Amino acid sequence: MSDNVRVRFAPSPTGYLHVGGARTAVYNWLYAKKTGGKFILRIEDTDAERSTEDSITGILEGLEWLGLKWDEGPFYQSGFINEHIDTAKKLLASGKAYKCFCTKEELDAKREEATRNKADMKYDGTCRNLTPEEISEKEAAGIPYTVRLKVPGDGGSVKFKDEVYGHIEKRYEDIEDFIILRSNGQPLYILSNAVDDIRDGITHIIRGQDGLANTPKQILIYEALGAKIPAFAHISLTLDTKKAKISKRKHGEQVAVHFYREHGFIPWAFVNFLVLLGWSTSESTQIFSKDELIEQFSLDGLNKSNSIFDIRIDDPKFFTDPKAISINAHYIKNMPVEELAPYVKAEFEKDGIWDAEYEGSKKDWFYGTINLLRERYHYTTDFTSLGRAFFSDDFEFEEKAVQKNLLKNDILKTMLPELADKFAAMEGFDEKEIEDIMRAMIEEQGVKAGVLINGVRTAVTGQAVGPGIFELLTAIGKERVIDRLKKVGQLY
RNA sequence: GUCCCCAUCGUCUAGCCAGGUCCAGGACACAGGCCUUUCACGCCUGCGACAGGGGUUCGAAUCCCCUUGGGGACGCCA
């Protein structure tokens, strides 16, 4: 495709990385990968009031976790403020911008009045045609000024082709002379952002659709500066179930990338989910490996309409978008076990039940047990919750399971320890033999197969559900099984 | 109020640009069934949408217009 593609992700560090931002980063990263270009990370930290060190760290960690490696940066916008100011001065000197002596109060009043009269609230151009004399007069009087870009007044329009939305045209008369430099001499985002993109050689600006309205203004800056105008691709927004823009403030942790890391998501599964929120192939493929995604990604597949991130704050069954969960479960179920194992390891370490031998002498057993369990899991955290009894003696008995599978059948109180003795008498502990012994016991005592089987499952794992009983027992191991069966009396 | 954008199942979407093969396909969710010692997995079946109205056309989800609905921008925030 085009050579030397350079894209960027330019978050402002005013909070954690949220799903909307992550999605934007994913598309930028993908486009860079697809075209063999560079993905640049720029932290737009010029809002000293709201930018925090913590959120910078959070954003960096979030991107790393997702596996979105940037090729250059992170650059910090705050380091280039002088360049932004110089640019504004250059624009002033060349007559492309002018000084505006209107005070904030005056402007606020006018805006308020406009709102009241239901009129347009564009800047009225009061200072646009000040004579040099008037300007020197005001300056001499020490009146502070902002710098506004002079929008061409010849009745023309800004035209550009958005890669997603197609041809966009905005008349000059609908664009106000916007401020690029504050009265305190500091630049505004609209200027800084464009200047940084020019300096960083950004060729494609892929950002949220909320930037669409800013685009004509930024193109005007590019033109005033004589810079080459990049390609634009505005992506649809991510909305909540009430169709409001996803925001950190309103939705809290549920929309934070770190929330998904903490809740047992596989990073790539989450990327896979994110990419599907507003993008698709005509084959409607749902699951993509990294290589497949890069291979198939194209700006053409971006959807114009906003999409809903189906978070369900109060749903007990789905704490987030069901599709995200389903994709995550798919990966847990199907990814190579050696790729899954490190995530399981991380969960174990977090819980203090990691055994170094799982990477040594017990590796085969560890992998085998993961394979046994993963079929029914949705999150990597399930290995330390639902699957805990397979790896540790420190596990909980589920109240309901004990009630239903043990307490209801008094006979198990004696049967289970007896079974333990029979197991103890075995030479080995293989599935076939276990099955024979248990079937014989069922026959002998005249109980239903399910009674013994489910009783054993609960006594040994604390749960009512799980893998098939015979492989379950071999996975847990002879000693532990015998021990747990003998202790069943304690539960009555 | 001004300007801009969008509109297919509950959700994500395919199809639209180059009208017929679409009484609209897939995924998730949901319901039922099969499998089964449990729960899952898997497989099968079902439920379920072209916002409304005009036009153009032999024919419209696809093209045009209007209405309605939704979203965004309009800050000396980024």
Side-chain angles (χ1 to χ4, degrees), chain A residues 10-14 44-47 49-51 77 100 102-104 107-108 111 114-123 144-148 162 164-166 168-171 173-176 178-184 186 188-190 192-193 208-217 234 236-237 239 241 243-245 273 276-287 301 303-310 317-318 321-327 329 333 374-378 386 401 404-405 438 442 448-454 456-458 463-470:
Chain A
S12 60
T14 55
E44 305 211 322
D45 58 344
T46 43
D47 185 344
E49 295 274 305
R50 298 193 300 153
S51 296
Q77 187 164 64
C100 170
C102 298
T103 66
K104 195 169 179 355
L107 294 171
D108 285 346
R111 209 173 289 120
T115 309
R116 220 173 324 112
N117 299 336
K118 298 186 185 299
D120 190 358
M121 22 197 215
K122 274 200 338 266
Y123 174 62
Y145 60 86
T146 60
V147 175
R148 288 181 185 271
D162 188 272
V164 176
Y165 289 95
I168 306 271
E169 187 167 347
K170 181 127 174 158
R171 289 184 303 269
E173 57 187 275
D174 291 326
I175 307 172
E176 67 170 5
F178 55 96
I179 298 177
I180 54 177
L181 209 63
R182 293 181 175 88
S183 56
N184 67 3
Q186 294 301 299
L188 257 76
Y189 158 80
I190 192 117
S192 302
N193 184 257
Q209 192 241 73
D210 45 354
L212 195 55
N214 267 335
T215 306
K217 292 182 181 174
H234 286 89
S236 60
L237 265 21
L239 273 24
T241 48
K243 300 201 169 164
K245 208 167 118 180
F273 164 72
L276 253 20
L277 222 50
W279 177 85
S280 62
T281 65
S282 22
E283 284 81 34
S284 301
T285 313
Q286 306 288 314
I287 302 292
N303 205 309
K304 285 193 264 218
S305 48
N306 295 339
S307 53
I308 293 171
F309 179 48
D310 199 6
K317 194 169 172 195
F318 302 103
D321 194 315
K323 192 151 186 169
I325 296 174
S326 150
I327 290 174
K333 219 166 297 163
R374 69 205 286 205
E375 193 72 349
R376 42 183 53 72
Y377 288 175
H378 293 89
L386 303 175
K404 178 175 158 226
N405 290 337
M438 285 179 66
I442 287 161
K448 278 189 183 164
V451 170
L452 209 228
I453 288 172
N454 290 323
V456 170
R457 176 178 292 109
T458 301
Q463 297 185 334
V465 303
I469 192 69
F470 310 115

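Naming convention: chains lettered A, B, ... in sequence-line order (proteins, then strands); numbering from 1 in each chain. A quick note: this is a predicted structure, and the numbers were derived from the prediction, not measured.
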Please determine, for [N], whether a Watson-Crick or G-U wobble partner exists with both distances under 3.5 Å, and give it or none.
| N | answer |
| --- | --- |
| U21(B) | none |
| G75(B) | none |
| C28(B) | G10(B) |
| G48(B) | none |
| C34(B) | G42(B) |

Give [X] one of three labels, base, sugar-phosphate or nothing, depending on what nucleic acid heavy atoms sit under 4.0 Å from its own.
| X | value |
| --- | --- |
| Ala464(A) | base |
| Lys317(A) | sugar-phosphate |
| Gln77(A) | sugar-phosphate |
| Lys448(A) | nothing |
| Ser282(A) | sugar-phosphate |
| Thr146(A) | base |
| Tyr123(A) | nothing |
| Gln286(A) | base |
| Thr103(A) | base |
| Lys333(A) | sugar-phosphate |
| Phe273(A) | nothing |
| Gly278(A) | sugar-phosphate |
| Lys104(A) | base |
| Ile308(A) | sugar-phosphate |

Could you give the distance separating [M] and [N] at their [atom1] atoms, to the nearest angstrom?
| N | M | atom1 | result |
| --- | --- | --- | --- |
| G10(B) | C30(B) | C1' | 9 Å |
| A73(B) | C12(B) | C1' | 26 Å |
| A14(B) | C6(B) | P | 15 Å |
| C22(B) | G15(B) | C1' | 8 Å |
| A18(B) | C64(B) | P | 10 Å |
| G19(B) | A61(B) | C1' | 10 Å |

Could you please name the option among [options] that lies closest to any side-chain atom of [X]?
| X | options | value |
| --- | --- | --- |
| Asn214(A) | C3(B), G72(B), A78(B) | A78(B) |
| Ser183(A) | C76(B), A78(B), G72(B) | C76(B) |
| Leu277(A) | C12(B), G71(B), U37(B) | C12(B) |

### Message
Please compare Tyr165(A) and Pro13(A) by the position of their nearest nucleotide in RNA chain B and report the one closer to 5'.
### Response
Tyr165(A)
### Query
5'-most contact on RNA chain B: Arg50(A) or Asp321(A), nearest heavy atom basis?
Asp321(A)
#### Entry: Heavy-atom closest pair, residues Glu173(A) and Lys122(A)
O-NZ, 2.8 Å
### Summary
What one should report as the nearest heavy-atom pair of Tyr377(A) and Leu386(A) is OH-C, 3.5 Å
### Query
Does a side-chain N or O from Lys245(A) land closer than 4.0 Å to OP1 or OP2 of A73(B), or not?
yes
Ignoring hydrogens and geometry beyond distance, is the side chain of [X] in donor-acceptor contact with the base of [N] at under 3.5 Å?
| X | N | value |
| --- | --- | --- |
| Arg376(A) | C39(B) | yes |
| Ser307(A) | C12(B) | no |
| Lys323(A) | C12(B) | yes |
| Ser284(A) | G25(B) | yes |

### Task
Return yes if some donor-acceptor pair links the side-chain N/O of Asp162(A) with the main-chain N/O of His234(A) below 3.5 Å, else return no.
yes
